[in-house]
Amino acid sequence: MSYACVFLGLQLAALFLVIFLASTPWFLTHDDYPWLQQQGYGIRLMHQDCDVVIIGDSTPLGLNPDIIRQITGLKTCNITESVMVPTVVGSNYLIDEYLKHNKRPRFLLGMYSAWRFEPNFHPFADFHGEGVVYGLQYIRSREFYIGFFRRPIWVAKFGVWAGHLLIGDLIDKYVPGFKRPVYSARAEREKYNGWWLSPEPGETTCKQMAQLVSPHYGHHGLEVDPGMVQRSPGDVAAFRNRYSVGGTTVIVDVTPTPDCAIGKDILREHTEGLHDNAFEIIPVSYFNDWDVHFSQQGSRYISTEVGNQILALEKQQDAERSPAAGAPR
Amino acid sequence: MTFSDPIFFLVFLPVAVVGFQLLGRFGRRSAIGFLAFVSILFYAKWSIPYTGLLLGSILGNYLISIAIDRSSKRPSLQSFWLIAGIAANLGLLARYKYMATLLTFFSQVTGGHREWFNAILPLGISFFTFTQIAYLVDLKQGIAKREGLLNYTLFVTFFPHLIAGPIIHHKEMMPQFSQERRYQLNRDDMALGITWFTMGMFKKVMIADRISPFADAFFAHPQSAGTFNAWAGVITYSMQLYFDFSGYSDMAVGLARMFSIHFPLNFNSPYKSTNIIDFWNRWHMTLTRYIMDYVYSPIQFAISRRRIDQGKKVSRKASATAEGFTQMIALPTLFTLFLAGVWHGAGLQFLLYGLLHGAYITTNHAWRIFVPAESRLKKLMTVPVSIGITYVCVLVGEVLFRSPGLPAASSVFAGMLGRHGAGTMTEGSQIILLILLLSIVWLMPNTQEILGQTRKDDEPNWSIVKALQWSPTLGWLAATSVAFIISMFYSSSNATFLYFQF
């Protein structure tokens with residue numbers, strides 16, 4: 001049995017070595033995986049005291065703080081993490097950590113894709129390797145380690161995921177013909193106050209998301225399974241209540257949907273009444289990655305829209321605060 | 001959950017192995033019950049509703065097996081129960097594999113425009129259906145004995161063979177669970193099983209899954225490929241299929257061996273075959289055996305009886321006449337392979353695939369019977385030439401096997417025949433990869449040869465490194481561990497085996 005035991009021991013050792021490496025700062029920058037590199041912008045912000053703070057799933061990464069600032073005159077920071085992070089560490093952690101080191105913002109804007117309209121993930125809701133890396137890198141608390149290691153399936157999945165990245169990196173570095181271009185998503189986010197666009201060209205079809213939502217064939221061809229369109233009115237309300245204190249106005253927006261998306265009506269119907277902006281259909285060329293992340297063109301459009309939305313709210317609030325100034329004589 | 005899913009080999013398998021070891025201390029029933037339980041869990045991880053279907057199928061067949069056993073003194077009643085059992089099993093298979101295609105066909109024939117879509121095919125339905133039909137037939141013939149429900153459930157669901165074979169006869173597996181043995185892990189079997197599993201996983205994860213994008217890209221747009229790329233695409237697919245299925249078979253046999261259960265071999269260097277009959281004796285060997293035992297032989301037996309009734313001869317000499325050859329060899333072969341083709345899927349391409357292989361085998365028989373051994377033509381067929389011709393014939397069949405329909409297959413054939421022009425030269429890296437893989441396939445020993453687990457009556461395959469023999473040494477431990485670690489990091493929950501679609 002010693003042969004089998006040594007074999008098993010070596011596999012476990014490899015797995016835990018990889019998990020250890022994934023918790024070192026080197027892991028974040030060892031290769032050019034942009035979704036890993038761009039993480040952690042919000043948690044590194046200290047005493048920035050932004051007036052507008054943007055959070056959400058990965059879609060608001062395309063909201064450009066500079067455009068919003070130009071429109072509103074308010075200092076804006078985009079501390080969004082991809083949905084792969086809040087599903088592991090919990091949505092509240094990301095905002096609470098920011099609030100520990102910065103003043104409360106005047107506007108807290110959460111933007112979420114219509115496909116997964118969920119602003120209130122609990123910790124360890126859904127496995128994503130990127131989220132576990134975030135936890136190992138930035139949280140490092142006893143609770144997080146216990147939560148992670150008591151889930152053997154997560155440990156197995158994460159070890160394999162991180163090991164794959166490491167081996168892929170070795171191949172990139174040492175096997176001729178595999179070299180990827182050097183690209184630093186982290187530097188880009190730092191430079192543009194948290195704004196970051198996935199380096200992909202604009203989309204021309206909605207195939208990727210169509211595959212993701214497990215469509216099935218109905219009487220009218222390809223249809224979205226309504227059960228796949230996640231939304232949680234209770235969680236949206238909880239999110240608003242939790243952060244609408246101390247002078248902060250919470251705005252919950254739905255990310256526009258590309259014109260070629262299947263099941264647009266189902267998405268509109270299921271998110272109705274939960275968001276503060278209009279449910280918009282925009283050209284697919286405004287997206288570049290998975291039909292949900294904004295391209296340059298889409299980013300400009302949505303940043304302007306959000307800037308105008310905040311400006312309108314700002315004016316309304318100013319008017320409410322000084323009714324005498326606005327009242328007819 | 002598949003064998004190459006990290007959750008399978010990092011969580012499920014260790015739990016199954018440790019649980020077997022612990023519960024085995026309490027005797028046979030607890031060990032068998034535990035293995036049946038984890039096997040059902042293994043299936044349920046894929047789909048809970050279809051686990052109900054699997055359990056329903058097991059219960060239905062179990063009840064029929066009781067009926068067959070109890071009516072052993074009334075042959076006609078026993079035959080009735082057997083036919084009812086086979087019909088119910090085939091009906092279930094047809095419902096999931098062919099109903100939507102047939103409904104669409106009838107809708108179109110009757111002038112309708114409605115298109116029906118197939119429900120998701122329950123994983124392994126062909127394999128657990130075939131296993132159970134074989135059991136009912138064997139039970140009626142007295143080859144198998146009736147089992148209790150727990151044993152029968154384990155026989156059908158034992159996870160190493162549940163979803164894609166090997167197709168096991170009752171007499172091959174259940175006596176191993178019946179005999180008085182210690183239901184504990186055996187260190188030699190464990191070491192061998194781990195190595196066998198690792199070799200299979202490496203083939204699947206590091207070869208088949210890595211080259212599949214090349215093959216997929218070619219079959220997605222065959223019309224844009226010139227001659228070079230068409231041949232490169234088809235050869236790449238042949239390598240993907242080889243390493244995928246060979247990898248799966250190694251993993252299944254290795255898993256069973258971890259529990260000291262010996263499974264029949266399912267794969268024996270098929271691309272080293274010198275003729276197409278030899279090929280089918282090496283490719284998916286348990287399916288070939290199944291088809292021979294339960295389809296071909298009964299047909300041939302019925303034809304022979306009919307000829308005898310008509311006063312005709314059924315000897316070997318009689319089959320060397322045109323009439324005897326047609327009746328006793330060509331017809332049963334073509335019909336059997338036609339059914340095998342239809343089993344692969346409802347599309348015309350699968351039907352043609354079956355008939356093509358039927359024609360190959362018939363031609364192969366005719367060659368053996370009608371072409372004299374001393375003829376010049378036979379002397380030209382040296383081993384390398386025979387292997388080359390057989391491989392090209394197999395490649396042609398695999399085009400039909402892989403293509404989504406006949407038009408796509410025609411486009412691939414047109415490309416291979418130069419109808420799309422020579423086109424650009426295939427990328428150098430892909431050519432080097434294919435040469436490397438073909439060298440492994442043709443020049444290296446296969447897994448069971450390396451592990452010293454060949455069948456006694458198998459002729460040894462030719463290879464350049466006959467001395468490569470596994471033993472539980474430190475060197476092999478290191479090599480196996482490295483292969484496993486690399487495969488582990490490249491494994492994926494989403495990767496499926498090509499034969500799962502059947």
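In what follows, every chain begins at residue 1, and chains take the letters A, B, ... in the order their sequences are listed.
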Are there more than 12 heavy atoms of other residues, nucleotides or ligands under 6.0 Å from atom [atom1] of [X]?
X: B:His262; atom1: NE2; value: yes
X: A:Phe20; atom1: CZ; value: no
X: A:Ile146; atom1: CD1; value: yes
X: B:Phe37; atom1: CZ; value: no

Can you find a pair of side-chain heavy atoms, one from [X] and one from [Y], that are under 4.5 Å apart?
X: A:Tyr3; Y: B:Thr473; result: no
X: B:Leu477; Y: A:Phe7; result: yes
X: A:Ile153; Y: B:Leu10; result: no

Any idea which heavy atoms bring A:Ala14 and B:Ile485 closest together, and the distance?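 Taking A:Ala14 first and B:Ile485 second, the nearest heavy atoms are CB-CD1, 3.6 Å.
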Taking the six-membered ring for Trp, are B:Tyr490 and A:His164 parallel (under 30°), tilted (30 to 60°) or perpendicular (over 60°)?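 B:Tyr490 vs A:His164 ring planes: tilted.
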Could you give the distance from [atom1] ([X]) to [atom2] ([Y]), rounded to the nearest 0.5 Å?
X: B:Phe484; Y: A:Leu10; atom1: CZ; atom2: CG; answer: 11.5 Å
X: A:Gln11; Y: B:Ile194; atom1: CD; atom2: CD1; answer: 8.5 Å
X: A:Cys5; Y: B:Arg187; atom1: SG; atom2: CZ; answer: 11.0 Å

Qualifying salt bridge (charged side-chain N to carboxylate O under 4.0 Å, His left out) pairs, either residue in residues 138-152 of chain A, two or more places apart: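 Passing the test, one end in residues 138-152 of chain A: no pairs.
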Under 4.5 Å heavy-atom distance to chain B, tell me which part of A:Val155 shows up: side chain, backbone, both or neither.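 Neither part.
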Could you pull out every donor-acceptor pair under 3.5 Å between side chains of residues 204-215 of chain B and any protein atom, sequence neighbours left out?
unit_1, atom_1, unit_2, atom_2, d
B:Lys204, NZ, B:Asp209, OD1, 2.9
B:Lys204, NZ, B:Asp244, OD2, 2.8
B:Lys204, NZ, B:Thr496, O, 2.9
B:Arg210, NH1, B:Val205, O, 2.7
B:Ser212, OG, B:Asp209, O, 3.2

Under 4.5 Å from a heavy atom of chain A, the part of B:Ile7 involved: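 The answer is the side chain of B:Ile7.
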